[in-house]
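Heads up, the thing below is written out as structure tokens.
Numbering starts at 1 and runs along the sequence shown. Both ligands and their constituent atoms are indexed starting at 1 by order of listing.
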Amino acid sequence: MVNQVNPTNPGSDMIGILGGTFDPIHYGHLRTALEVAEHFGISDMRLIPGKVPPHRPQPHASPEHRLAMLQVAIASEPCLHADDRELRRDGYSWSFDTLESFRAETGNERPLLFTLGFDAFQHFQTWHRWQDILQLAHLVVVHRPGYSLPPEGWHMPFLSENPDDLRTTPAGRIYSLAVTALDISATNLRTRLKTGKNPRYLLPDAVLGYIQRHQLYCGT
Ligand code: ATP
């Protein structure tokens, strides 16, 4: 588990961040994390499970189980790292607090790339301290191929189409990235598990094995 930022060469290495409930983690999350990392050449992509996510129902599996599933899912992929900082904090898992804790470790120069789906981005202006989030990190808005961000709106002054803009500045740009469309959701996986349908090939076998061993998602 990675909790500390490697202090070598600060300011030149980007850190990618993908938060979520990961209840359970599936191939939609994993492809997104990997494709963002690959697109920018990021060797340190953090997957951060939220403890008490705001704006949505609370997770079904415990924080410990969600972290363990994440760890087995990414065990063989060197650029993906499980980061448990939100699980160690009490109260709501505000992204602002998470990014501030990164800044406390990295200083102000290192580029942070905060990844979120287009659905989440549409409500970004309702997020706790959203303007301050843009002071702390870049936003990478991921969406299915063929879509793009609307050509007008509040985000336009921040929009960048050049990955180098995000490499050479620590925060404040919004970048739109098409990733492989996988119509998989944790909600659908939980329903499958609860109703005895086979969820194989929607999530790693190692995660499914963990779910079965611990009898997760089979109750109400
Ligand atoms: P739930 O169905 O419980 O709401 P979820 O499958 O949407 O869960 P989250 O943990 O809420 O998963 O998502 C974490 C992040 O991963 C979000 O930024 C979300 O946009 C993104 N994400 C979720 N599913 C996919 C997918 N199939 N493809 C790409 N990105 C995804």
Please determine if V179 has a nitrogen or oxygen closer than 3.5 Å to a nitrogen or oxygen of ligand 1. no
Can an N or O of T115 be found at a distance shorter than 3.5 Å from an N or O of ligand 1? no
Determine whether the side chains of T180 and R31 contain a donor N or O and an acceptor N or O closer than 3.5 Å. no
Measure centre to centre between the rings of H138 and F40, then say whether the value is under 6.0 Å. no
heavy-atom search around atom 1 (P) of ligand 1 in the protein gives T187 OG1, 3.3 Å
Any nitrogen or oxygen of F22, main chain or side chain, under 3.5 Å from a nitrogen or oxygen of ligand 1? yes
Taking non-hydrogen atoms only, is T32 closer than 4.0 angstrom to ligand 1 via side chain, backbone, both or neither? side chain
What I want to know is whether A186 and ligand 1 share at least one N or O pair that is separated by under 3.5 angstrom. yes
For F121 together with W154, are the ring centres under 6.0 Å from each other? yes
Atom 27 (N) of ligand 1: closest protein heavy atom, distance to 0.1 Å, is L182 O, 2.7 Å
Give me the residue, atom name and distance of the protein heavy atom closest to atom 4 (O) of ligand 1. R56 NH1, 3.1 Å
For F96 together with W94, are the ring centres under 6.0 Å from each other? no
Test: R110 cationic atom under 6.0 Å from F102 six-membered ring centre, within 45° of axis: no
Flag atom 23 (C) of ligand 1 as yes if some protein heavy-atom distance to it falls below 4.0 Å, otherwise no. yes
Between G20 and ligand 1, does any nitrogen or oxygen pair lie at a separation below 3.5 Å? no
Nearest protein heavy atom to atom 9 (P) of ligand 1, by residue and atom, and its distance? H29 NE2, 3.5 Å
At under 4.0 Å between heavy atoms, is it the side chain or the backbone of R31 that contacts ligand 1, or both, or neither? neither
Non-hydrogen atoms of P59 versus ligand 1: any pair closer than 4.0 Å? no
Indicate yes or no: does K51 engage D90 in a salt bridge with an N to O separation below 4.0 Å. yes
Between H26 (side chain only) and D23 (backbone N and O only), is there a donor and an acceptor less than 3.5 Å apart? no
Is the shortest distance from a heavy atom of D23 to ligand 1 less than 4.0 Å? no
